[in-house]
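Written below as structure tokens is the structure these notes are about.
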Amino acid sequence: MAVETFRKGSLDPPNSVGLRAAFLVLWAIDAIAATLFFLVPYATELNPVTVLFYQLFGLPGVLLAALCYAAAVVLIGHVLSDPMDVRFIGIVVVLYTLFAVNNILLLLFREPVVEMLFL
């Protein structure tokens, strides 16, 4: 049913406003950290799309890549019907929480979370 509404031009309204707000906050933190990865010598961005956009456009390319990721998540969440949209955004929030925590700890302590936990 959600795909049919997408084809008609109207998107399924989201029922997960709190989760979407959490995603946007975590997305912004992750986008800032990803930008800082290109400014500090000891951290490296691993996402090949972000690296490609950086090589093509410089630092605005990092923001452009982040905006593309956010747009994809929002669009997919709108296309999915309830409760799948809530589950999808919930999974994305968990993933972005892990990404943001890892990136912040890497910037602060110069070591990835995995190395800090297991060594």
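- Checked against side-chain contact (heavy atoms from CB on, under 4.5 Å), F88 has the following partners two or more places apart in sequence or in another chain: V73, I76, L80, V92.
- A search for side-chain contact (heavy atoms from CB on, under 4.5 Å) contacts involving L95 returns I91, F99, not counting sequence neighbours.
- Once rounded to the nearest 0.5 Å, the distance linking CG of L39 with CG of L107 reads 9.5 Å.
- Remark: F38 pairs with Y54 by the ring-ring contact (aromatic ring centres under 6.0 Å, His included) rule, at least two apart or across chains.
- Taking the side chain as every heavy atom from C-beta outward, V62 and F57 never approach each other to under 4.5 Å.
- A pairwise comparison of heavy atoms in L19 and V93 identifies O-CG2, 3.4 Å as the closest pair.
- Among residues at least two apart or in separate chains, there is no side-chain hydrogen bond (donor to acceptor under 3.5 Å, both in side chains) pair with a member in residues 87-101.
- Nearest heavy atoms, F53 versus A65: CD2-N, 3.6 Å.
- For residues 22-51, every residue pair satisfying the side-chain hydrogen bond (donor to acceptor under 3.5 Å, both in side chains) rule, not counting sequence neighbours, is listed here: D30-N103, N47-Y69, T50-Y69.
- Remark: I29 pairs with V25, A100, I104 by the side-chain contact (heavy atoms from CB on, under 4.5 Å) rule, at least two apart or across chains.
- Across R20 and H78, no two heavy atoms sit closer than the pair NH2-N, 4.1 Å.
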